[in-house]
Amino acid sequence: MKNIPNVMIIFGGSGDLAHRKLYPALFNLYRKGLIADNFAVIATARRPWSHDFLRGQVKNAVNETCEQIDAADLDRFATHFYYQSHDVTHVDHYIALKQLAQKLDEKYDCHGNRIFYMAMAPSFFGTIATHINDQKLLGTGFNRLIVEKPFGRDYETAEKLNQEIGASFDEKSVYRIDHYLGKEMIQNILPLRFANPLLKNIWNAEYIKNIQVTLAEKIGVGTRGGYYDNSGALRDMVQNHIFQIITLLAMPAPKNLTSDAIHEAKQRLLQGLQIPSYDEVSKSVVRGQYLASEHEPAYINVDQVAPDSCTETYVAGKVKFTTGPLAGVPIYFRTGKKMLEKKSRIDIVLKAGSDLYEKANENVITIEIDPVSKIVLRLNGKEIVGTGLRIEDLSYAFNAEEMHQVPDGYERLLNDVFMADRTNFTHWMELAQYWRYIDAIEAAWRKQNSMAIKPDQYLPNAFGPNAADNIFENADSYWIYR
Ligand code: NAD
């Protein structure tokens, strides 16, 4: 189905995100016939580019990322792009932007529909939202706002930003984007849980012992030391990606598969999110900083990182709910830079228990998200020789051809915005709860810093600080991926 006509305004149109993700994603939608011909994109940034220069950049971006490009298709696509030199802090610049949007609206017959995309440093989000409102940039049709992460740096700043945005956009028009929700295996969690009685019936505290979510990165902070030192792994990865995954794993069954019903089920779960006390943080949250490797300095020696920085490049912790089918079940998470390999996976550990076989192992269901998409069931089987049990893995993996068909997360999510499908975007009520949890840990860490308790140092190319092995409630639990 082709989406409805619109003028899209991208703030940050010369940036990395626009180049690597947004332009290729829009092109893929265009050539699949999912974007109507009556659309225009206005890219804005401070540089004095011309429309033609932007179109050249858009073509470069598409050529660098997409395959099997039809040159005529790409030429046609690029004609829909317009550039407006615009400093988001200058109020008068919004007047020129508004005029261009109106002109393009008429030219492409866009029915007054606008999509605004904030693809810039988050410190500008509030300013842009305020000026969209006071300079009356809204169109006469629908108005939708896409906001990149991070949405605030704690509950207070997130709430302030939400209010600034709220002056122009109601909750139903705000699309807080988290590209993890566009990933194939993340979108597979609900069908797996609710379309298979095999899993649906054991998805509760009676059978599940714990869940482990690992998002490991192989790279360090590289040249982004200045940005990263202000953020850290907890804000950068846990507040959004990890919490979204945990929410999908632990939420109760939605009444149906509409966006509203799914968000309602998520919020029912999150009302029972346990906010950790200082003592709980000390016991079950571990933070770390990577040491030097052969070719890269230790985190604290990275350019623009304070030498006495306490910012964590690794964090492991525990989430628990009093609500939902997994009430009381510990959900462990860890994420870090400079780990052994890039890997995103979920391990669901079932309680061991067999009246007949004393030595039965725990069943484990593994959902691997990156770098490959696969699901593995670890089962007990009979030893060929002898009377004991051996572990067997049943694997359901996507083949190379199937993997090739998987659209990029941004492609899926942009299409969702066109189609006004908010299922895979973060609702404010969800985000607010995530921040409350993050704030509690940040507060505990500030207290630890004041007592000179620093992050643990960890060796690169491994699994992070050893202390993370001791956060489990049960003495016999361990990280399945190790
Ligand atoms: P970037 O620094 O590459 O781009 C920033 C853009 O903002 C540039 O176009 C720049 O010219 C413009 N800009 C800066 N100051 C301006 C001003 N005063 N007025 C107008 N324009 C101005 O940043 P990015 O990597 O593209 O990231 C953008 C957003 O996307 C951030 O919120 C980031 O967290 C998020 N994000 C980026 C990626 C990625 O892969 N790059 C991935 C996920 C999320």
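Counting starts at 1 for both ligands and their atoms, in listed order. Values below: every heavy atom of this structure, side chains too, minus hydrogens, waters and symmetry copies.
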Residues Y437, F243; criterion ring pair (Phe, Tyr, Trp, His ring centres under 6.0 Å); working and verdict: CA-CA 10 Å; Y437 177 95; F243 254 117; 5.0 Å; yes

Chi angles and distances behind the side chain to side chain contact (heavy atoms under 4.5 Å, CB included) call for L26, I35: CA-CA 8 Å; L26 286 169; I35 295 184; 4.0 Å; yes

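Remark: ligand 1 atoms within the under-4.0 Å shell around heavy atoms of G12 are 6 (C), 7 (O), 9 (O). Within ligand 1, counting atoms from 1 as listed, the ones closer than 4.0 Å to a heavy atom of A45 are 9 (O), 11 (O), 21 (N). The distance from ligand 1 to the heavy atoms of F124 drops below 4.0 Å at these ligand atoms: 15 (N), 18 (N). Less than 4.0 angstrom separates some heavy atom of P122 from each of these atoms of ligand 1: 32 (O). Under a 4.0 Å criterion applied to the non-hydrogen atoms of R20, ligand 1 contributes the atoms 39 (C), 40 (O), 41 (N). Which parts of ligand 1 touch S14 is read off a 4.0 Å heavy-atom cut-off, strictly below it: atoms 8 (C), 9 (O), 10 (C), 11 (O).
Ring pair H90/H93 is tilted by interplanar angle, where 30° to 60° counts as tilted. Ring geometry for F11 versus Y94: interplanar angle of 30 to 60°, hence tilted. In this structure, H80 and F39 have parallel ring planes: the angle between them is below the 30° cut-off, well short of the 60° mark. Ring geometry, F116 versus F169: the interplanar angle exceeds 60°, so the pair is classed perpendicular (tilted spans 30 to 60°). Ring geometry for Y410 against H179 counts as parallel: the plane angle stays under 30°, on a 0 to 90° scale with 60° as the upper cut.
Assignment of Y410 to the shell around ligand 1 is supported, since a heavy atom sits closer than 4.0 Å.
The heavy atom nearest to atom 34 (O) of ligand 1, out of those in M118, E148, K149, is found in K149. Between atom 37 (C) of ligand 1 and the options L17, D87, D16, the minimum heavy-atom separation is to L17. When H90, M120, H93, R224 are checked for heavy-atom proximity to atom 13 (N) of ligand 1, M120 turns out nearest.
Of the protein's heavy atoms, none falls inside 4.0 Å of atom 2 (O) of ligand 1.
Protein heavy atom closest to atom 19 (N) of ligand 1, with residue, atom name and distance, is V88 N, 3.0 Å. Residue, atom and distance of the protein heavy atom nearest to atom 20 (C) of ligand 1 are H86 O, 3.0 Å. From the protein, the heavy atom lying nearest to atom 4 (O) of ligand 1 is G15 CA, 3.3 Å. Nearest protein heavy-atom contact of atom 28 (C) of ligand 1 is A119 O, 3.3 Å.
For the pair R55 and F81, the cation-pi criterion (under 6.0 Å, within 45° of the ring axis) is not fulfilled. Both tests pass for R436 against the ring of Y155: distance under 6.0 Å to the centre and angle within 45° of the axis.
With a heavy-atom cut-off of 4.0 Å, F125 touches ligand 1 through its side chain alone.
Ion pairing between a basic and an acidic side chain is recognised when a charged N comes within 4.0 Å of a carboxylate O; R345 and D370 show no such pairing.
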